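Please read these numbers as outputs of a predicted model, since none were measured by experiment.
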Amino acid sequence: MELRERQKKSIPSRVFFNHFFAITYCISCNDERFKLKKIPFYNKIKIKNPDFNIKEVKKLLWNSWSTEYAYRIGEKIDNSEYYKFSLHWNFPQAYYSAYLSMTAFHETQGIANDQHEKSIKLFGNSVKDKHYPSAISFYSNGLKDEFQYQGLPTFKGFPKDNSSLTKIDCLEDAELQVATFLKTTRRQNANDKRERFKKQNDPRFLNGKKEFRKAFSKKHWDIIYGAIPETSVFNLLYRLRIKANYRDIETFINADIDFKSFHTSLGELIDYLNFVHEAYITKAIGIDKYEKILDGFPSHLNDQTALKRFEIIKKI
């Protein structure tokens, strides 16, 4: 009975692990993930910020690389217990490394800001507009019970027996898991927004007694979903960052999952997202200026990350 209860408690953690493994599986299956010149947007990238300051880009990139290094320390220690108990800081580290790199690119375009939701919305809009490689150009949008899923070529809908714990053996399995992750995240975003409107006592959701209504019709949900932008990979990462509070992290620590594999999958996703944004920054500011930023950073901290990615960037 105790074993069954423990297994039940570990389900949310196993689901998250499966979802992130699915994302990295999809990326690794994409033969064009490094062929950025096939993206029209990439070929036209240049500095658009009229007040561009390269020092700001340097600061953001160095913060991103420092955070990625901190995330990857576990690989040097290579201890299963360390992987398990470092989760509560690994989750925000993973998110912030990718977020800071994206913000550095936004700085070159004059759209950087310190509001996470706005930055994630900008990313989602760019994905929708085909500004990114197809490997990370999956997203969901739509109103209640009308979600659309884009950028997942093999996904044809959810089977009746769909499970978030299904083993991933092929691309079809992986894309089904990614679609499931998008669906649950979009629903979670809607519930969060509902709670926000409740705190504001938004008049659109009050009943005849001027109280916030307990039951929502599709009409009410559609108001909420209409205000939610595309749900993309950054929403998934942001959701993980929120999981880093003490109560949620306890369910992960007590879960029966391969913590090292979880750490590796998440690290591979950060590596690819950072590669894309670093390549975009290089295209904007020029390879010489980017290399100068790279050379100023302690090489022993990024010889397995940004320096390796730069070797790929130079060949694009």
Side-chain angles (χ1 to χ4, degrees), residues 18-45 94-95 97-106 108-109 111 116-142 146-158 168 170-186 189 225 228-240 265-284 309 312-313 316:
N18 217 31
H19 287 339
F20 278 103
F21 178 76
I23 295 171
T24 54
Y25 190 101
C26 289
I27 292 172
S28 65
C29 286
N30 191 303
D31 293 335
E32 298 192 340
R33 63 190 181 277
F34 298 123
K35 297 176 182 177
L36 302 186
K37 280 190 174 178
K38 288 194 172 187
I39 306 167
F41 174 80
Y42 170 79
N43 296 312
K44 296 176 184 176
I45 291 175
Y95 169 76
S97 178
Y99 174 80
L100 288 162
S101 181
M102 174 178 69
T103 304
F105 172 60
H106 285 174
T108 70
Q109 303 302 290
I111 56 174
H116 289 253
E117 284 190 16
K118 190 173 180 181
S119 295
I120 292 170
K121 180 181 179 180
L122 288 169
F123 177 84
N125 287 339
S126 290
V127 165
K128 183 179 66 174
D129 293 337
K130 296 181 169 51
H131 292 176
Y132 282 99
S134 57
I136 50 169
S137 289
F138 51 83
Y139 66 94
S140 174
N141 57 16
E146 299 173 17
F147 290 179
Q148 299 289 317
Y149 300 89
Q150 309 293 339
L152 300 169
T154 71
F155 176 69
K156 306 301 179 189
F158 297 103
I168 296 166
C170 61
L171 184 59
E172 288 82 355
D173 293 342
E175 291 194 348
L176 174 60
Q177 288 300 316
V178 173
T180 303
F181 202 1
L182 290 170
K183 179 176 72 172
T184 57
T185 302
R186 192 163 179 80
N189 288 350
Y225 278 110
I228 297 176
E230 280 66 30
T231 303
S232 70
V233 66
F234 258 95
N235 294 98
L236 310 184
L237 274 174
Y238 189 72
R239 184 175 167 187
L240 193 63
S265 289
L266 196 50
E268 287 171 358
L269 174 58
I270 302 316
D271 183 61
Y272 185 70
L273 287 170
N274 286 353
F275 156 74
V276 173
H277 286 121
E278 287 160 16
Y280 283 21
I281 292 164
T282 304
K283 186 75 169 63
R309 293 192 290 263
I312 302 173
I313 290 169
I316 294 173

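Of all non-hydrogen atoms in Cys29 and Leu171, the two that sit nearest each other are CB-CD1, 4.1 Å. Closest heavy-atom contact between Ser101 and Ile281: O-CD1, 3.9 Å. Closest approach of Ile316 to Phe275, counting heavy atoms only: CD1-CZ, 4.0 Å. Taking both residues in full, the closest heavy atoms of Ile136 and Val127 are given as O-CG2, 4.1 Å, listed atom of the first, atom of the second, then distance. Considering every non-hydrogen atom in both Ser265 and Phe21, the closest pair reads OG-CD1, 3.6 Å. Closest approach of Ala22 to Gln177, counting heavy atoms only: CB-CB, 3.6 Å.
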query = side-chain contact (heavy atoms from CB on, under 4.5 Å) between Leu236 and Phe138: does it pass, once the steps are laid out?
reply = CA-CA 11 Å; Leu236 310 184; Phe138 51 83; 4.3 Å; yes
request  = List the steps and the verdict of side-chain contact (heavy atoms from CB on, under 4.5 Å) for Leu36 and Lys283.
outcome  = CA-CA 11 Å; Leu36 302 186; Lys283 186 75 169 63; over 6 Å; no
inquiry  = Test side-chain contact (heavy atoms from CB on, under 4.5 Å) on Leu266 and Leu237; report intermediate values, then the result.
reply    = CA-CA 9 Å; Leu266 196 50; Leu237 274 174; 3.9 Å; yes
request  = Any chance you could lay out the side-chain contact (heavy atoms from CB on, under 4.5 Å) test for Ile39 and His131, step after step, and finish with the verdict?
outcome  = CA-CA 7 Å; Ile39 306 167; His131 292 176; 5.8 Å; no
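Ile45 contributes atom CD1, which lies 6.5 Å from atom CD of Gln109 (distance to the nearest 0.5 angstrom). Remark: Lys38 NZ to Ser134 OG distance equals 9.5 Å, nearest 0.5 Å. Distance check, rounded to the nearest 0.5 Å: CD1 of Ile168 to SG of Cys26 gives 8.0 Å. Of the inter-residue distances, the one linking His277 atom NE2 with Ser97 atom OG reads 11.5 Å to the nearest 0.5 angstrom. Here Tyr42 contributes atom OH and Lys35 contributes atom NZ; the two are 14.5 Å apart, rounded to the nearest 0.5 Å. The line from CD1 of Ile313 to CZ of Phe34 is 10.0 Å long, rounded to the nearest 0.5 Å.
With Thr231 contributing its side chain and Tyr139 its backbone, the two residues share no donor-acceptor pair below 3.5 Å. For the pair Arg33 (side chain) and Ser28 (backbone), a donor-acceptor distance under 3.5 Å is present. With hydrogens and angles ignored, the 3.5 Å screen pairs a side-chain donor or acceptor of Thr108 with a backbone N or O of Phe105. In this structure a side-chain-to-backbone donor-acceptor pair under 3.5 Å is missing from Tyr238 to His116. A side-chain donor-acceptor contact under 3.5 Å links Ser137 to the backbone of Tyr132. Proximity of a side-chain donor or acceptor of Asn30 to a complementary backbone N or O of Ile27 within less than 3.5 Å is not detected.
Under a cut-off of 6.0 angstrom, the local environment of NZ in Lys121 is sparse, with at most 12 non-hydrogen atoms contributed by other residues, nucleotides or ligands. Atom CG of Asn43 has more than 12 neighbouring heavy atoms from other residues, nucleotides or ligands inside a 6.0 Å radius.
In terms of the salt bridge (Lys or Arg N to Asp or Glu O under 4.0 Å) criterion, residue partners of Glu117 (sequence neighbours excluded) are, by chain and number, Arg196. Residues passing the salt bridge (Lys or Arg N to Asp or Glu O under 4.0 Å) test with Arg309, sequence neighbours excluded: Glu68, Asp271, Glu278.
Between Phe123 and Phe234, the ring-plane angle classifies as perpendicular under the 30° and 60° cut-offs. Classification of the Phe181-His19 ring pair by plane angle, with boundaries at 30° and 60°, yields parallel. Taking the six-membered ring for Trp and thresholds of 30 and 60 degrees, Tyr149 and Phe158 have ring planes more than 60 degrees apart, a perpendicular arrangement.
Residue Phe155 forms a side-chain contact (heavy atoms from CB on, under 4.5 Å) with just one option from Leu182, Leu176, Thr180, and that option is Leu176.
Taking the ring axis of Phe147 as reference, the NZ or CZ atom of Arg186 stays within 45° of it and closer than 6.0 Å to the ring centre.
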